[in-house]
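Here the structure is laid out as structure tokens; the discussion comes afterwards.
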Amino acid sequence: MKVFVCGSVDPRIKPEYLEGIDKIAEHLLNHNDGVMCVGAKTGSVGAMYNKMIEGDGFVDIIVPAPYAHEAAGMIANSITQVETLFMLQQVALKNTNATVVLPGGNGTLAELYMITDSIKSGFDTDKVIVYNVNGFYQKIKEMNDFMLEAGVLNERQYKFFTWCNTADEVIAELDKSKEELNRKNELR
């Protein structure tokens, strides 16, 4: 299984929002699962990338052209450059089986909502797991609940979100995704 990982690349992210990322990465490594992420050695994405590389894991980097310099010199199985963030989403969703949204800023929120629009448009992904470590995304969850209640968020889009408060919950959802993927592959 390959997981698209999005989140912060900012080195100033507070340590309490990096908790459990090593554990999630270790689980992916132990199950020979790979990740696709933007090129960064810092932030929440960097925490995942660094652990995967330390463990000799499978990492694909995908990076929009204006940020290509950030991926220069990074170790990866492949580095794909795209023109825009929207193209990044399309390529990532077509080539991964699940998405894990780690704590991040405006760029991560843009990715999160582009993912839901992409799902609505039929781009392939099986699950969007939002890692709400230490309540990082609690207000976003409340806003999504409100938008659903207000009738402006599509029920189908909302069902793609799985809100996880702990690394163990993220791992359990990744395991469910992998089981579903294996079942689909067996049916083919």
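Of all heavy-atom pairs between Val45 and Cys37, the closest is CG1-CB, 3.8 Å. When all heavy atoms of Gly34 and Met52 are compared, the closest pair comes out as CA-CE, 4.3 Å. A pairwise comparison of heavy atoms in Glu111 and Cys6 identifies OE1-CB, 3.2 Å as the closest pair. Annotation for Ile61 and Ala71: closest pair CG2-CB, 4.1 Å, computed over non-hydrogen atoms. When all heavy atoms are compared, the tightest approach of Thr96 to Ala92 is OG1-O, 2.7 Å. Nearest approach of Ile21 to Ser44, heavy atoms of both residues: CD1-CB, 3.7 Å.
Taking CD of Glu155 as the reference point, atom CG of Leu148 lies at 5.0 Å (rounded to 0.5 Å). The CE atom of Met36 sits 10.0 Å away from atom CG of Leu93, with the distance rounded to the nearest 0.5 Å. Put simply, CD on Glu179 and NZ on Lys184 are 13.5 Å apart, with the number rounded to the nearest 0.5 Å. To the nearest 0.5 Å, atoms CD (Glu70) and NZ (Lys41) are separated by 12.0 Å. Once rounded to the nearest 0.5 Å, the distance linking CG of Leu29 with CG of Asp56 reads 8.5 Å. Here the NZ-CD distance, from Lys14 to Glu19, works out to 13.0 Å after rounding to the nearest 0.5 Å.
Val3 places none of its side-chain heavy atoms less than 4.5 Å from the side chain of Asn97. Side-chain contact between Tyr49 and Ile75 is present, with at least one heavy-atom pair separated by less than 4.5 Å. Using a 4.5 Å cut-off on side-chain heavy atoms (C-beta onward), Asp33 and Lys178 make contact. Side-chain contact between Asp22 and Asn50 is absent, with no heavy atoms from C-beta onward closer than 4.5 Å. Residues Leu174 and Ile24 are in side-chain contact: their nearest non-hydrogen atoms beyond the backbone lie under 4.5 Å apart. At a threshold of 4.5 Å between non-hydrogen side-chain atoms, the residues Thr162 and Val130 do not count as touching. Phe4 is listed as a side-chain neighbour of Leu88, based on a closest heavy-atom distance under 4.5 Å. At a threshold of 4.5 Å between non-hydrogen side-chain atoms, the residues Lys23 and Asp168 count as touching.
The number of heavy-atom neighbours closer than 6.0 Å to CG of Asn185, taken from other residues, nucleotides and ligands shown, is above 12. Counting heavy-atom neighbours within 6.0 Å of Asn30 CG, excluding the residue itself, gives a total above 12. Around the CZ atom of Phe58, the shell of radius 6.0 Å holds more than 12 heavy atoms that belong to other residues, nucleotides or ligands. Residue Phe146 places its CZ atom among 12 or fewer non-hydrogen atoms of other residues, nucleotides or ligands, all under 6.0 Å distant.
Counting only distance, with no hydrogens or angles, the side chain of Thr42 and the backbone of Val9 share a donor-acceptor pair below 3.5 Å. Not one N or O on the side chain of Asn134 forms a donor-acceptor pair closer than 3.5 Å with the backbone of Phe136. Under the 3.5 Å distance criterion, the side-chain polar atoms of Thr108 are matched with a main-chain donor or acceptor of Gly7. The backbone N or O of His27 lies less than 3.5 Å from a partner atom in the side chain of His31, making a donor-acceptor pair.
Between the side chains of Asn144 and Tyr137, no donor N or O sits under 3.5 Å from an acceptor N or O. Of the N and O atoms on the side chains of Asn165 and Asn132, at least one donor lies less than 3.5 Å from an acceptor on the other residue.
Each of Ile129, Leu102, Asp175 was evaluated against Val170; a single residue qualifies, Ile129, per the side-chain contact (heavy atoms from CB on, under 4.5 Å) test.
At a threshold of 4.0 Å, the pair Lys176-Glu173 counts as salt-bridged, since one of the basic side-chain nitrogens sits closer than that to a carboxylate oxygen. Contact check on Lys2 versus Asp60 returns a salt bridge, with a Lys/Arg side-chain nitrogen under 4.0 Å from an Asp/Glu carboxylate oxygen.
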### Query
When you look at Thr80 and Val63, which way does the side chain to side chain contact (heavy atoms under 4.5 Å, CB included) test go after all the steps?
CA-CA 6 Å; Thr80 302; Val63 61; over 6 Å; no

